[in-house]
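Since the model is a prediction, treat every value here as computed from it, not as a measurement.
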Amino acid sequence: MSKEITSRAADYSQWYNDLVIKGQLADYSAVRGCMVIKPYGYRLWENMQAALDKMFKDTGHENAYFPLFVPKSLFEAEEKNAEGFAKECAVVTHYRLKTDPSRPGKLMVDPEAKLEEELVVRPTSEAIIWNTYKGWIQSYRDLPLLINQWANVVRWEMRTRLFLRTAEFLWQEGHTAHATKQEAIEETKRMLDVYADFVENWMALPVIKGVKSANERFAGAEDTYCIEALMQDGKALQAGTSHFLGQNFAKAFDVKFSDKENKLDYVWATSWGVSTRLIGALVMAHSDDDGLVLPPKIAPLQVVIVPIYKGDEQKASINMKILPIIKELKELGISVKYDDSENSRPGWKFAEYEMKGVPVRMAIGARDLENNTVELARRDTKEKKTVSMDGISLYIKSLLEEIQQQMYNKAKQFREERITTADTWDEFLKALDEKGGFVSAHWDGTGETEEKIKDMTKATIRCIPLDNLEEDGHCILTGNPSRERVLFARAY
RNA sequence: CGGGACGUAGCGCAGUCCGGUAGCGUACCAGGCUGGGGGUCUGGGGGUCGCAAGUUCGAAUCUUGUCGUCCCGACCA
């Protein structure tokens with residue numbers, strides 16, 4: 001990377017960190033590589049959870065919870081999966097502390113309390129879950145088994161970034177078992193569609209659905225489907241994955257069922273997950289220099305009302321006008337905060353709520369009382385408008401919908417402008433360096449070529465789009481024949 | 001684990017080169033004038049300068065060690 005690009009990347013990192021921290025979403029914690037999600041950020045996550053959870057239930061899934069710890073022997077049962085995660089596992093080896101004789105008042109690990117078998121802190125839960133499924137599945141009548149869990153996982157990454165890659169993170173992981181391969185593949189794709197639907201329609205972030213190359217595939221999967229989003233610095237971000245696991249885990253954990261003909265077979269599996277990383281995606285994709293810009297459908301707070309007044313008398317008359325409006329807004333299911341605190345002045349409040357990305361701000365003062373108006377400001381465009389108080393609630397409701405749609409359109413346009421078709425190596429490099437974003441190019445299908453391209457450019461194959469057209473061409477690097485284009489990008 | 005930067009009041013920083021017992025902005029507390037984009041005035045509280053050892057009459061400042069954080073790499077579905 002050139003010096004300029006390096007420093008630009010550093011600036012972008014700084015911009016991103018500031019947004020997360022000043023936007024009140026999260027903070028660094030005392031634990032290296034971990035973060036504290038603050039109440040405002042957690043409300044955002046709760047809103048995302050609620051929408052996703054409903055979608056999971058609408059597609060027939062149920063929630064359950066499995067242990068945080070995975071005995072090492074279980075963890076290593078599916079070898080590819082274990083190998084893929086081995087380098088980033090936190091491991092519990094002892095179960096007791098004792099006072100340290102050499103340091104008064106301090107504690108040490110009690111060497112007498114060594115566990116007979118180490119416990120791996122789950123980096124993902126396939127192992128413990130499939131070990132459990134073994135006891136739950138005997139017959140085709142037990143299938144499909146459609147379970148989701150909301151949990152935390154730990155992956156001891158060398159380098160971390162708020163939300164995008166932390167040592168511990170929150171997510172959901174779905175784990176399903178099916179009688180046929182066909183049904184499992186359908187489930188894999190169905191959940192990919194659920195994710196795409198959620199990210200596009202709730203987070204206002206367009207995604208590309210595709211399948212991963214072998215190099216990028218989930219450890220232990222037959223196929224990894226993914227949704228890829230584009231950030232404002234031109235780098236791609238994997239927003240969610242859905243894996244077709246074949247019979248790998250069923251075989252590793254000996255999960256068999258009797259079909260209608262009483263024949264024994266291994267079940268077919270899927271797993272799928274999205275995490276708090278989505279919050280990072282949200283921040284990177286929509287925010288501007290004034291702070292966060294949150295899509296109305298998941299914003300912790302959709303409308304903030306700031307009164308502007310001199311003295312108690314004016315305040316009282318504003319209250320009289322505003323309280324019924326607040327009631328109306330709430331009845332329409334809109335979350336609203338009336339910030340009449342005396343601690344800070346209107347200008348300060350404006351800036352504060354902009355930083356936090358509240359989609360709509362309503363200001364009301366003496367001038368408005370005379371004219372029966374309020375001032376509405378929308379966060380995404382920073383446009384301000386004075387509108388009549390009559391029918392204001394319905395007006396705001398439609399404004400929120402408009403903001404949601406416009407945020408999506410803007411992000412989509414941004415992405416469309418950054419999908420480049422490259423037919424030569426020069427075009428490929430030029431697109432990556434000057435424009436960023438996705439580069440659609442032919443590839444000879446080998447892992448070696450993919451690896452070489454990664455070494456030379458830092459770009460990886462983000463996915464092979466599901467809606468790809470067949471097209472004869474030649475690999476961008478080797479010139480070998482290719483039948484379809486894949487999407488390359490530098491990624492988070 | 002390599003390269004770089006940095007640890008001084010809740011937060012952001014100056015002071016370190018050239019040693020003399022700690023300062024600015026902001027936030028906080030009390031009160032006044034204010035109030036349509038981060039107001040203003042007055043008064044006040046808060047820091048053993050990351051930690052440890054050394055040099056010195058004297059260390060935020062010099063030396064050595066150590067711990068930690070961030071950025072860039074390596075690593076990462």
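- Each of A:Y309 and A:W171 has a nearest nucleotide on RNA chain B; the 5'-most of these lies closest to A:Y309.
- Checked by atom type, the side-chain pair A:Y492/A:D233 shows a donor-acceptor distance below 3.5 Å.
- Between the side chains of A:H243 and A:E126, no donor-acceptor pair is found at a separation under 3.5 Å.
- Under the Watson-Crick or G-U wobble criterion, with both distances below 3.5 Å, B:G25 is paired with B:C11.
- Base engagement by A:F85 is indicated by at least one non-hydrogen atom pair under 4.0 Å involving a base atom.
- A salt bridge between A:E222 and A:R217 is absent, with no side-chain N of the basic residue lying under 4.0 Å from a carboxylate O of the acidic one.
- Residues A:L192 and A:W272 are not in side-chain contact: their nearest non-hydrogen atoms beyond the backbone lie 4.5 Å or more apart.
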Query raised in the report: What string of B, S and - do you get for nucleotides 38-45 of chain B, 5' to 3', when a contact is any protein heavy atom under 4.0 Å?
Result: BB------
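- Counting only N and O atoms by type, the side chains of A:K38 and A:Q24 include a donor and acceptor under 3.5 Å apart.
- Between A:R367 and A:E375, none of the side-chain N atoms (NZ, or NE/NH1/NH2) sits under 4.0 Å from a carboxylate O, so this pair counts as no salt bridge.
- Along RNA chain B, the nucleotide nearest to A:G33 and the one nearest to A:A219 differ in position, and the one closer to the 5' end is contacted by A:G33.
- At the heavy-atom level, A:A221 lies nowhere under 4.0 Å from the strands shown.
- B:U69 and B:A5 make up a base pair, with Watson-Crick or G-U wobble contacts both under 3.5 Å.
- The separation of B:G2 from B:G38, taken at their P atoms, amounts to 49 Å, rounded to a whole angstrom.
- In terms of phosphate contacts, A:K310 brings a side-chain nitrogen or oxygen within less than 4.0 Å of OP1 or OP2 of B:G35.
- Counting non-hydrogen atoms under 4.0 angstrom, A:K384 reaches a base of the nucleic acid.
- As judged by a 4.0 angstrom heavy-atom cut-off over every strand, A:R277 is placed among residues making no nucleic acid contact.
- In this entry B:A52 has B:U64 as its Watson-Crick or G-U wobble partner, both defining distances falling under 3.5 Å.
- OP1 or OP2 of B:C71 has at least one side-chain nitrogen or oxygen of A:N17 nearer than 4.0 Å.
- Nucleotide B:C17 forms a pair with no other nucleotide shown, judged by Watson-Crick or G-U wobble geometry with both contacts under 3.5 Å.
- Base pairing of B:G45 is not made with any nucleotide, judged by Watson-Crick or G-U wobble geometry with both donor-acceptor distances under 3.5 Å.
- Taking atom P on both B:A22 and B:G50, the two are 15 Å apart, rounded to the nearest angstrom.
- In this structure, A:R415 forms no cation-pi arrangement with A:F438, as its terminal cationic atom is not both closer than 6.0 Å to the ring centre and no more than 45° off the ring axis.
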